[in-house]
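Notes follow once the structure below has been shown.
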Amino acid sequence: MGNVDSFTIDPRKTTFCSVMALFMLIFLLVGLNSNSWYIMENSDRDGDPNQGLYVDETVSFQFGLSNIEISYEAEGIAYGIIDYESSESIEFNGNECNSSNEDTQFENLDGCESVAFAGTMNQISLLVSVICLFVILGFGIAGKYVRKSQVYRHEQKILKVAWILATFLPFIGTVCYGFIVAKSEFVDVKDLDQNGFGIMWWGMLIFSFVFILLRYNQQLYSIISSPKTLE
């Protein structure tokens, strides 16, 4: 029994881990469908408001893990009041990143393959984590009803692997996404008003790190305190 995870023995800790897994599952599902992993925005003014003839244009690119949401806004005065908004979503598949490059407002999309690769890699890590969390929650809900089954006899091994993947993969995937995107030439654009990681990337980085600390706080404390013990 010494090798059995203490989280699965103490009912209070088991409940805490189940609630924690549920919150992480919801956050991962939001992350998979979010378009706020990376953001690029550029504004430009054509004309002079003092002369009564001008147009302010804003183009923003919001990157998800498998697509880019492009928004275009224009307002001003040019032979009438201008107030226009539009948006479209393009996929990373094939050459979609470069499909709109003939249009000047989409020229910054040239060479976004690195972001597409980073998004796909991160998407896979999050999907594996989601599957593992479903396994964890499934055992928590149905485990006591299948104690005599062959699967339940291997519950501790299955849960141990599932917990490791579910906790560390989101953090690793998010860090790798940030590293790949930050090192790509694609984001080295000088004429943008805004260019950086979105709220989803920062949220996933912090939330997944806290998730690791909460789940493995005892193990991490033992690792940190062991050198002091040897002294």
Side-chain angles (χ1 to χ4, degrees), residues 23-45 56-75 84-131 133 165-212:
F23 274 104
M24 190 61 183
L25 176 62
I26 295 173
F27 196 75
L28 291 181
L29 292 176
V30 172
L32 284 169
N33 295 281
S34 174
N35 286 323
S36 299
W37 286 89
Y38 195 84
I39 297 175
M40 300 173 68
E41 184 175 289
N42 188 44
S43 299
D44 188 31
R45 169 169 286 177
D56 288 333
E57 297 179 297
T58 301
V59 182
S60 62
F61 309 98
Q62 295 184 313
F63 291 81
L65 298 181
S66 61
N67 69 309
I68 310 171
E69 184 178 343
I70 306 169
S71 300
Y72 173 75
E73 297 181 8
E75 61 179 16
Y84 177 78
E85 295 183 9
S86 66
S87 64
E88 66 172 298
S89 180
I90 64 174
E91 300 294 327
F92 285 144
N93 299 333
N95 295 319
E96 282 294 326
C97 287
N98 302 317
S99 64
S100 301
N101 284 340
E102 295 180 357
D103 192 327
T104 56
Q105 69 177 352
F106 300 139
E107 61 185 358
N108 288 326
L109 289 181
D110 188 23
C112 70
E113 290 83 2
S114 56
V115 180
F117 171 75
T120 300
M121 182 197 64
N122 197 13
Q123 189 177 42
I124 292 173
S125 68
L126 296 187
L127 284 172
V128 173
S129 300
V130 166
I131 294 173
L133 288 171
L165 294 176
T167 51
F168 286 96
L169 276 182
F171 182 76
I172 295 173
T174 302
V175 171
C176 290
Y177 178 92
F179 180 80
I180 294 173
V181 173
K183 290 296 182 179
S184 67
E185 296 180 358
F186 170 66
V187 302
D188 188 18
V189 183
K190 305 299 183 183
D191 61 343
L192 294 177
D193 299 326
Q194 182 178 351
N195 186 27
F197 295 104
I199 188 172
M200 193 68 244
W201 186 85
W202 288 105
M204 186 65 70
L205 183 70
I206 296 172
F207 199 84
S208 59
F209 182 70
V210 172
F211 189 43
I212 293 174

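Counting begins at 1 with the first residue of the sequence.
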Checklist line | Step-by-step side chain to side chain contact (heavy atoms under 4.5 Å, CB included) determination, Y72 to E88 | finding: CA-CA 9 Å; Y72 173 75; E88 66 172 298; over 6 Å; no

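Atom CG in L32 sits 5.0 Å away from atom CG in L127 (nearest 0.5 Å). Between the CD1 atom in I68 and the CD1 atom in I90 there is a gap of 4.5 Å [rounded to 0.5 Å]. Here the CE atom belonging to M200 is positioned 13.5 Å from the CD atom belonging to Q62, to the nearest 0.5 angstrom. Once rounded to the nearest 0.5 Å, the distance linking CG of L133 with CG of L29 reads 9.0 Å.
Applying the side chain to side chain contact (heavy atoms under 4.5 Å, CB included) rule to E75 yields the partners D56; only residues at least two apart in sequence or on another chain are considered. Partners of F197 by ring-ring contact (aromatic ring centres under 6.0 Å, His included), not counting sequence neighbours, listed by chain and number: Y38, W201. Residues satisfying the side chain to side chain contact (heavy atoms under 4.5 Å, CB included) criterion with S71, sequence neighbours excluded, are S60, E69, S87. Contacts of F209 classified as ring-ring contact (aromatic ring centres under 6.0 Å, His included), with partners at least two apart in sequence or in another chain: F171. Scored by the side chain to side chain contact (heavy atoms under 4.5 Å, CB included) test, I199 finds S36 as partners (sequence neighbours excluded). With sequence neighbours excluded, the residues forming a side chain to side chain contact (heavy atoms under 4.5 Å, CB included) with S129 are L28, L169, P170, listed by chain and number.
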Side chains of residues 115-125: which donor-acceptor pairs under 3.5 Å do they make with residues two or more places apart or in other chains?
{"residue": "T120", "atom": "OG1", "partner": "A116", "partner atom": "O", "Å": "3.0"}
{"residue": "N122", "atom": "OD1", "partner": "S125", "partner atom": "OG", "Å": "3.3"}
{"residue": "S125", "atom": "OG", "partner": "N122", "partner atom": "O", "Å": "2.7"}

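For N67 against S89, the heavy-atom pair with the smallest separation is ND2-OG, 2.7 Å. A pairwise comparison of heavy atoms in S43 and T58 identifies OG-OG1, 3.2 Å as the closest pair.
With a 4.5 Å cut-off on side-chain heavy atoms, M40 and F63 count as touching. Within the 4.5 Å cutoff, the side chain of F61 has no heavy atoms near those of the N42 side chain.
The side-chain contact (heavy atoms from CB on, under 4.5 Å) test with M204 singles out one residue from F211, W37, Y177, and that residue is W37.
With hydrogens and angles disregarded, no donor-acceptor distance shorter than 3.5 Å links the side chain of S34 to the backbone of V30.
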